[in-house]
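So the structure is just underneath, and the comments pick up after that.
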Amino acid sequence: MATGKSPRSLRPVCVAASAGTVNTGAIDPLDAIAGVAAEHGLWFHVDGAYGALGVLAEGSAARYAGLARADSVALDPHKWLGVPVDCGCVLLRDPAVARDAFSLVPAYLRDEGAGDLGWFSEYGPEQTRPFRALRAWATMAHLGRAGIVALVERTVALAHELAELIERSGDFALLAPVTTSIVAFRHCPPGAGDRLDELNRAIPAAVQRRGRAFLTGTRIGGAEALRACLLNPATTTGDLEMLLDEIRLVTRTPHR
Ligand SMILES: Cc1ncc(COP(=O)(O)O)c(C=O)c1O
C-alpha cells in the first residue's frame, strides 16, 4: 500500500451506493446500505447522477427506499431532466459540512449576515463558476413537479416497452431487468454462432454513423452489450421499433 499501513489500520469514511448504474440502471439496496453506514458512523453517498429522479415514478419509488437517508446525493440535471450540459449538482443533508471542507474563507471571516447560503464557490472545488443553476431552475420552472414526474414516468414506460419488443423479437436478448429507463440488451441474429461479441461490438458505431438512432455499447458479465438510455419523452413506439430495425440493418450479413 502506498501509505505503508496495513489494511487493518485503514478506516473507511464513506459508503457510496448507486441509484441507477450506468450499464443497466440498477439500483442498490439503499436502505440496507444506509443501515451499514449508520452502524459504522460512515458518510452515506448515493450516486444518482443518472437515476435519482426515477424516485418520482410511481411504479419505481419503492426501489429507492433509503435514498432519503443519504448524507449526499449526486444528481445530474443534464441527464434525465434534459438540461443542457454541463449541469451537475449534489444535494447535501448538511451543507455546512461541504462549506467547511471547501471554503477558502475562514469561518471567522464569513459574512453570516448574508445568510447561510454563502457563495456556491464555497461548497465545492470550483472557484469561478458559470450560472448553471439558471438552466436547472428554468427547466424546473417550465416543467413543474407534475411535468417532471410525467417525463420520468413516460421514459420508464418506454424502457419497459423496448424490453418487451426485445423479448418478443426472437433475435434480441435482454441482459438485465429494466429498473429505470436504461435497457441493456444484445443482438443475437440466427446463424451468428460464436460471432456474437464481435457483432455486438460493431453495432453502436455503425448505428450512430447512420444518424437515425443513438445507442452505446458496454460489457455486461463479460459479454458485449448494447445500451439504450431512454431520456426523451417524445420518443414513440415507432422510434423503438426503428432502433431495432437499424440494428438489424447494420448487422445484416451475406449469409443471412
Ligand atoms: C451513474 C453515473 N454516475 C456518474 C456519471 C458521471 O456524470 P458526469 O459525466 O456528469 O460527470 C454518470 C454519467 O455518465 C452516471 O451515469
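Note that the numbering runs from 1 along the sequence shown for the chain. Whatever order the structure lists ligands and atoms in, that order sets their numbers, starting from 1. As the structure is a computational prediction, the values presented were derived from the model and not from experiment.
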Output yes when the distance from some N or O of ligand 1 to some N or O of Y50 is under 3.5 Å, and no in every other case.
no
Say whether D47 and ligand 1 are in contact under the criterion: heavy-atom distance to a ligand atom below 4.0 Å.
yes
Consider ligand 1: state whether an atom of it lies below 4.0 angstrom from any non-hydrogen atom of G20.
yes
Before accepting this row, confirm whether a basic side-chain N of the pair R186/D197 lies closer than 4.0 Å to the acidic partner's carboxylate O.
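Yes, charged N to carboxylate O under 4.0 Å.
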Please state which protein non-hydrogen atom is closest to [atom] and give its distance, to 0.1 Å?
atom: atom 16 (O) of ligand 1; value: V22 CG2, 3.4 Å
atom: atom 7 (O) of ligand 1; value: K79 NZ, 2.9 Å
atom: atom 10 (O) of ligand 1; value: D76 OD2, 2.5 Å

Atoms of ligand 1, numbered as shown, that sit under 4.0 Å from any heavy atom of H78
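So the atoms of ligand 1 that pass are 10 (O).
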Looking at side-chain heavy atoms only, is the closest gap between P204 and T216 below 4.5 Å?
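P204 does not reach T216 side chain to side chain.
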Contact check, side chains of V90 and Y123, non-hydrogen atoms, under 4.5 Å:
no
Could you give the distance from OG1 (T180) to CG (L230), rounded to the nearest 0.5 Å?
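Rounded to the nearest 0.5 Å, the OG1-CG separation comes out at 10.0 Å.
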Over 60° means perpendicular and under 30° means parallel, so classify the ring planes of F172 and F185, tilted if in between.
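If you compare the ring of F185 with that of F172, the planes turn out tilted.
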Between R212 and D239, does the salt bridge (Lys or Arg N to Asp or Glu O under 4.0 Å) criterion hold? Intermediate values first, please.
CA-CA 9 Å; R212 297 197 68 206; D239 293 330; over 6 Å; no
